[in-house]
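Presented below is the structure to which this report refers.
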Amino acid sequence: MKEKIKESLYSIIIDLYGSSEFIHDEFEISIQDNKEKEYGDLASNVALVLAKPLKRNPREIAEEIKIKFITDKEIVKVDVAGPGFINFFLSKESHGAILKDISIQKNNFGKIESNNQKVLIEYVSSNPTGPLHVGHGRGAVFGSVLSRLLKEAGFQVDEEYYVNDFGRQMNILSASLWIRYAQLFDKNIKMLNNGYQGDYLIAIAQNLKKFRSDELYEDDEEIKSLLENENEDAEKHTDEVIESIKSKLSDEFSYVRDFALREILELIKEDLLEFGVEHNHWFSESALYKSELHDLSKVDQSIEELSSKGFVYEKEGAIWFKSSELGDDKDRVLKRGNGEFTYFASDVAYHLDKYDRGYDRIINIWGSDHHGYLPRVKAAMEASKKNVEKLEVVFIQFANLIRAGKKVTMSTRSGKFITLKELIEEVTSEAARFFYINRKADQHLDFDLDLAKEQSKDNPLYYIQYAHARICSVLRKSKAREEELNTSELGLLDSNKEIEIQKILKQYPPLIERAALASEPHLICYYLKDLASIFHSYYNTEKFIVEDQKLMNSRLFLLSGVKQVICNGLTILGINAPHEM
RNA sequence: GCCCCGUUAGCUCAGUCGGAUAGAGCGCUGGAUUCCUAAUCCAGAGGCCAUAGGUUCAAAUCCUGUACGGGGCACCA
């Protein structure tokens, strides 16, 4: 309908003012939906835009255009109002077209045809040193919903988890696991202070014992006393412990590490699956350091790449990247003085690898505390002559959990954080998803645990699901068959509420497109709340199961459309639309 | 010090490409149920869109300054 009006307006304007130089192919006519019904259904500001170049009064221009505009069965009236808006009034029947679209397209209503673009979304990527906690929840849901949304919008999406299975933290994890394992044989062994304290490692140690019995343990006074005697320098002490365990276990140390990694990834995958999050790619950081035969590893290659472009130098024994020349605050170390690569070096290689895989869009979901990290990654891509535009990073703000009106405090250091699993068990996976995605990503979020569990209209998810269940109930009671609902009498849907519902349904496809392009899935939540709200209101003013068959038919057809759109929206959020509650 | 993000009703927040009289929920006040799920609905009160300029026919929306709040600035990951 908007397109149709645009075309008409365009030809009228060419006709009237075509000789003017500023009317050309790029001239954009915008048509907006009207909020106030007295202004009609749609409006164009074209006369206001033309006023300046034509040096004429906008109302006069609007009047000229209005006279030329030919009304028909759908557009029944054209009017000029305010400073020079041209308002269009649609016939009552014309609103019903959307219901027919929905009934034909069903689950595909809102879906956009494939655009043949490939997009990579990397998210969660939590360190594989322990189970996911609530801090990871928001990013997990965001990535998951954005993936679904982009698929809906015609993209081909890969969802990737980057596993940081390289470097010092893996050694700390291995040492922590081994100590837990050793404690199964000797309770007097002290846990490493800087180690991973969580109970999950005790469970994993018990598994390790099942596989290897006591093969990896023998009484060792040296390690025991080392653990007893903490050094003032905690970091140094940690390294000493790692070294002594490493030399004790020699080749078996990597077995312990792989065991820990495998078990923890298993935990993470289980939790994610429970949360409706499923990555189809798992990318290992350590793979970036493997080299085949005489080839360089990916990390070496990427440093080589930066070097060949003249962005690498050596200073004080370390290898640096000249990121300051490409928009970063300062230069960054790629390889430390002690010969170890930095995390950044991995990330350069990782991102170059993402580019090599031929994606049209590369999206990273990062915690907002990483925002200072982006300039150096972009600098590295720019230095490697990659198209930096392709790389998008969405920063996710922290979420506070609120219980009984108070912030739930957590501290990572003591290991006393609430795990994602516990959150899901408390409020259900669906409520957790909804509450996490209900807010713009870059805004702080207060997650009200009590509200998420509440079964009333105050809980927005409940409210939306209830609308769906209510419609299902009406359709059941009416004994109507949805597929047989007649589409010929839609002019009967002429009350204010009925027309408003149809207008809101019409907004769904453009909403999906906008949410996808702007990476703003929270818009779906707000839309669904609006749709549920107008439905509940309608429900209280009108009866649907009535004597008049044609009227009943039309109203049920409308409800069926609402039901379908709620279902489609909830599906993108990864939430079930219940048939009864 | 530098860099991000924010500031909209008492509270929590939406606000599309800049459009006509700025929206919702909670809370507050008052109402609706012989009837398809009251797990709901209706009505009322409540606003200097932080602040000062600028751009524009038109600014909560775009630009600049200021104030306040949150976060970030490693040879950590």
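By convention in this document, chain letters (A, B, ...) are assigned in the order of the sequence lines, proteins followed by strands, and residues within each chain are numbered from 1.
Using a 4.0 Å cut-off between a side-chain N of Lys or Arg and a carboxylate O of Asp or Glu, A:Lys298 and A:Asp353 qualify as a salt bridge. At a threshold of 4.0 Å, the pair A:Asp165-A:Arg257 does not count as salt-bridged, since none of the basic side-chain nitrogens sits closer than that to a carboxylate oxygen.
For A:Asn87 and B:A20, a side-chain-to-base donor-acceptor distance below 3.5 Å is present, hydrogens and geometry of angles not being considered. At a cut-off of 3.5 angstrom, counting only N and O atoms as typed in the model, there is a donor on one side and an acceptor on the other between the side-chain of A:Asn34 and the base of B:A20. A donor N or O paired with an acceptor N or O is not found under 3.5 Å between the base of B:G25 and the side-chain atoms of A:Asp458.
The partner of B:C35 is absent, by the rule that a Watson-Crick or G-U pair needs both atom distances under 3.5 Å. Base pairing analysis places B:G46 opposite nothing; no Watson-Crick or G-U wobble pair with both distances below 3.5 Å involves it. With a 3.5 Å ceiling on both atom-pair distances, the Watson-Crick or G-U wobble partner of B:G23 is B:C13. Pair assignment for B:A60 gives none, since no Watson-Crick or G-U wobble pairing has each distance under 3.5 Å.
Note on A:Lys440: a side-chain N or O is less than 4.0 Å away from OP1 or OP2 of B:G15. The side chain of A:Arg439 places an N or O atom within less than 4.0 Å of a non-bridging phosphate oxygen (OP1 or OP2) of B:C13.
Listed nucleotides: B:C41, B:G6, B:C17. Nearest to the side chain of A:Arg514: B:C17. Considering only side-chain atoms of A:Leu48, the nucleotide from B:A38, B:G6, B:C57 that sits closest is B:C57. Which of B:U37, B:A77, B:G19 sits closest to the side chain of A:Gln32 comes down to B:G19. When distances run from any side-chain atom of A:Ser537 to the nucleotides B:A20, B:G15, B:C41, the shortest one goes to B:C41. If you check B:A77, B:U37, B:A20 against the side chain of A:Phe85, the one that comes closest is B:A20. Out of B:C75, B:A20, B:C36, the shortest distance to the side chain of A:Ala318 is found at B:C75. The A:Lys52 side chain lies nearest to B:C57 when the options are B:C41, B:A77, B:C57. Nearest to the side-chain atoms of A:Asp446 among the listed nucleotides B:U12, B:A14, B:C75 stands B:U12. Closest to the side chain of A:His371, out of B:A14, B:G71, B:C42, is B:G71. Among B:A77, B:G72, B:A20, the nucleotide with an atom closest to any side-chain atom of A:His370 is B:A77.
Using a 4.0 Å heavy-atom cutoff across all strands shown, A:Glu235 reaches no nucleic acid atom at all. Within the 4.0 angstrom heavy-atom criterion, no nucleotide atom of any strand lies near A:Ala518. Residue contacts for A:Phe398: at a heavy-atom cut-off of 4.0 Å it reaches no nucleic acid atom on any strand shown. Using a 4.0 Å heavy-atom distance criterion, A:Ile31 is classed as a base contact. Using a 4.0 Å heavy-atom distance criterion, A:Lys330 is classed as a sugar-phosphate-only contact. Heavy atoms of A:Asn127 sit under 4.0 angstrom from primed sugar atoms or phosphate atoms, though from no base atom. As judged by a 4.0 angstrom heavy-atom cut-off over every strand, A:Gln465 is placed among residues making no nucleic acid contact. Residue A:Ala469 is in base contact, counting any heavy-atom pair closer than 4.0 Å across all strands shown. The residue A:Ser473 sits close to a base: some heavy atom pair falls under 4.0 Å. Backbone-only engagement by A:Leu523 is indicated by non-hydrogen atom pairs under 4.0 Å involving sugar-phosphate atoms exclusively. Within the 4.0 angstrom heavy-atom criterion, no nucleotide atom of any strand lies near A:Gly167. A:Glu340 comes within 4.0 angstrom of no nucleic acid atom, judged by non-hydrogen atoms across all strands.
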Show the numbers, then the answer: is there a side-chain hydrogen bond (donor to acceptor under 3.5 Å, both in side chains) between A:Arg470 and A:His536? CA-CA 9 Å; A:Arg470 240 182 174 179; A:His536 284 305; 3.1 Å; yes

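Considering CD of A:Gln465 and SG of A:Cys567, their distance stands at 11.0 Å, rounded to 0.5 Å.
Against the 90° criterion about 0, the sugar-base torsion of B:C17 places it in the syn range.
By the 5.5 angstrom centroid cut-off and the 30-degree plane limit, A:Tyr39 is classified as stacked against the base of B:A20. Stacking is not found between A:Tyr526 and the pyrimidine-like six-membered ring of the B:A14 base under the 5.5 Å centre-distance and 30° plane-angle cut-offs. No aromatic stack links A:Tyr539 and the base of B:C41, using centre distance under 5.5 Å and interplanar angle under 30°.
Nucleotides B:C13 and B:G6 place their C1' atoms 13 Å apart, quoted to the nearest Å. Look at the P atom in both B:A52 and B:A14: the space between them is 24 Å, to the nearest Å. Annotation: B:G18 and B:C2 have their P atoms spaced 31 Å apart (nearest Å). B:U29 and B:A45 have their P atoms separated by 16 Å, given to the nearest Å. When the P atom is used for both B:U56 and B:U61, the distance is 16 Å, rounded to whole Å. Distance check on atom P: B:A43 versus B:G23 gives 14 Å, rounded to whole Å.
Paired with A:Phe434 under the rule side chain to side chain contact (heavy atoms under 4.5 Å, CB included), one option of A:Thr428, A:Val145, A:Ile464 passes, and it is A:Ile464.
Without hydrogens or angle criteria, A:Asn364 side chain to A:Glu122 main chain gives no donor-acceptor distance under 3.5 Å.
Other residues, nucleotides and ligands place more than 12 heavy atoms under 6.0 Å from the NZ atom of A:Lys506. The number of heavy atoms from other shown groups lying within 6.0 Å of NZ (A:Lys550) does not exceed 12.
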